[in-house]
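Numbers restart at 1 for each chain; the letters A, B, ... are given by sequence-line order, proteins then strands.
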Protein chains: 2
Amino acid sequence: MLGRGARANDVVESVMKKYPIPLACSNCALRDLFLPVGLSRGDMDEIDQLVTTRRSVKRGEVLFHAGDPFASLFAVRSGFFKTQVTAPDGRDQVTGFQMAGELLGLDGIGQQQHHCDAIALEDSQVCEIPYVRLDEVSRKVAVMQQHLHKILSREIVRDQNVMMMLGSMRAEARVAAFLLNLIQRLQARGLSASTILLHMTREEIGSYLGLKLETISRAFSRFHQEGLLKVKQRDIQVLDEAGLHRLLNEKPC
Amino acid sequence: MLGRGARANDVVESVMKKYPIPLACSNCALRDLFLPVGLSRGDMDEIDQLVTTRRSVKRGEVLFHAGDPFASLFAVRSGFFKTQVTAPDGRDQVTGFQMAGELLGLDGIGQQQHHCDAIALEDSQVCEIPYVRLDEVSRKVAVMQQHLHKILSREIVRDQNVMMMLGSMRAEARVAAFLLNLIQRLQARGLSASTILLHMTREEIGSYLGLKLETISRAFSRFHQEGLLKVKQRDIQVLDEAGLHRLLNEKPC
DNA sequence: CGCGAGCTTGATGCCGATCAATGCATGTGG
DNA sequence: CCACATGCATTGATCGGCATCAAGCTCGCG
């Protein structure tokens, strides 16, 4: 894919299953999404030690389970994941969807064990970042430490925004917010602003939004007939982004 | 109200604005709640540099606003706070309640500006921890760095648990979960397991739980007549903790 | 004492859950 | 290639939980 030259990589080569691509973060295409800007050459050398392994995860496969001992974070390199927690009554609830350039496992640091399941929704690749290494590098490279704090803090902000959505928005507003969030993240990756391919089922969206799958379906249908979207199974064409934005401000509920 | 003996209190009183009391964390009564265990004497010296100011915040007063530039975290030393965010439509939603031994402002690190309002529900005291200092100390004291990561991670876990509650629990189960959470935090501070003094209104509880104040009131009444609680305004006596636990597992919704 | 903020309780209505039937794509084996 | 199964999505009918609206109540406080 982006298989660049391979000086020191022969060593690495043998260790991993078989990835001719260098693990070095310094020339990762997603570098800007994971790493702070303004790193010196020396810093970069440190950071290139972060990722030890790259792993393929097939669609439907579990990257880690809630309760598993925590040892590493995972950076999504390609593909798509969901995270879910299990309620005391046994039902699952999706807590997030992660695409390339996002981190998995942040919730495991506190108790040193994972708090959610992480499951691939498509065939995916992740880079494994042993937490002890991240700790070391963070201590040596101040800007990396700050960056890690920012990532953790932003995850808190993200969760609080979801809390707000779940606590105070009506069904259609939630679906609109969900779509707008997807659009925004796709745009940040330079991808189409108007065409979305959903990697998850209606049921998974519903679980994330605190709604039932029928409600998601109805919302899509409604948006369709109002001319906001073109919906065809999992292909969504956004026709009127401003219209979706307007829905967020609906008072009731 | 609970005017206790006033040995040191007179001192505290007089100073509030300029502090003859040692700010030193090393002999703070809440030390175990904020700091990692197993600190060396040298580490403690570093950590004692963390807190620069102690501040009183009167009931109803705002510690910081959403949008304010972020410079410090605040450790609640005494009293009680709520945090709230404002939805795009202008309504507020409570995102958390913080008691002595908990941190405020974690959500500001990411964007370097506060993401929520923090408002005192009682006359309170906070210790201000300039973020730049925390950064420095974290780099010097490895165990402090790890501790900070844990605190951030646990906040993520906390938020995800709230998301689960909002997304999949019925009204009474949410109220039960809320009470059980309060009990647990009070116990962690060595306080009564069965007597709770609510520092917030029904409306604030409702906002936090994604419900209306009438629903909170009805839930309390119901619990009362089922013998789970004794409710008298803001005094709650928990009579049957196991009974509350049972509510969490209710299937529907 | 009387005011007002906060709380309780009841009556009604609506949003989204639930139940159920059908449609539609993909895949599998005969 | 078709028959059939399976998983997912759509759509309709009905139901129930919580919001909403409304009226009194409690208590602290000027």
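- Where R218(A) and R234(A) meet DNA chain D, the nucleotide closest to each residue was compared, and R234(A) sits on the side nearer the 5' end.
- Following rounding to the nearest Å, L209(B) (CG) and dC18(D) (C1') show an atom-to-atom distance of 14 Å.
- Ring planes of H114(B) and F64(B): parallel class, angle under 30° (limits at 30 and 60°).
- For I216(A) and dT10(D), the CD1 to P distance is 11 Å, given to the nearest whole Å.
- Checking dC8(D), dT11(D), dT8(C) against every side-chain atom of S217(B), the shortest atom distance belongs to dT8(C).
- Atom-to-atom, CD of E250(B) to P of dG16(D) comes out at 16 Å; the value is rounded to the nearest Å.
- Comparing dA9(D), dT8(C), dG16(C) against the side chain of T215(A) picks out dG16(C) as the nearest.
- Listed nucleotides dC8(D), dC7(C), dG16(C) differ in distance to L211(A); the shortest reach to its side chain belongs to dG16(C).
- The existence of a salt bridge linking E102(B) and R154(B) is excluded, since no basic side-chain nitrogen approaches an acidic carboxylate oxygen closer than 4.0 Å.
- Candidate nucleotides dT8(C), dT10(D), dA19(D) were compared by shortest atom distance to the side chain of L213(B), and dT8(C) ranks first.
- For the side chain to side chain contact (heavy atoms under 4.5 Å, CB included) with M99(A), the lone residue among L182(A), V76(A), L191(A) that qualifies is L182(A).
- At a threshold of 4.0 angstrom between heavy atoms, the contacts of G210(A) are confined to the sugar-phosphate backbone, with no base atom among them.
- We find that CD of E214(A) is positioned 18 Å from P of dC15(C), with the value rounded to whole Å.
- The CZ-P distance, from R202(A) to dG23(C), rounds to 18 Å in whole Å.
- Counting to the nearest Å, the C1' atom of dT9(C) and the CD atom of Q225(B) are 11 Å from each other.
- In this structure, the nucleotide among dT20(D), dC18(D), dT9(C) sitting nearest to the side chain of K212(B) is dT20(D).
- No donor-acceptor contact under 3.5 Å links the side chain of E203(B) to the base of dC7(C).
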- Item | Evaluation steps, side chain to side chain contact (heavy atoms under 4.5 Å, CB included), between D240(A) and F223(A) | CA-CA 10 Å; D240(A) 181 3; F223(A) 291 171; over 6 Å; no

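- Side-chain proximity of S221(A) to dT8(C), dT10(D), dC18(D): nearest is dT10(D).
- The separation between E172(B) atom CD and dG17(D) atom P is 10 Å, rounded to whole Å.
- Note on ring orientation: taking the six-membered ring where Trp is involved, the planes of H199(A) and F80(A) are parallel (angle under 30°, cut-offs 30° and 60°).
- Distance M200(B) CE to dC7(C) C1': 16 Å, rounded to the nearest Å.
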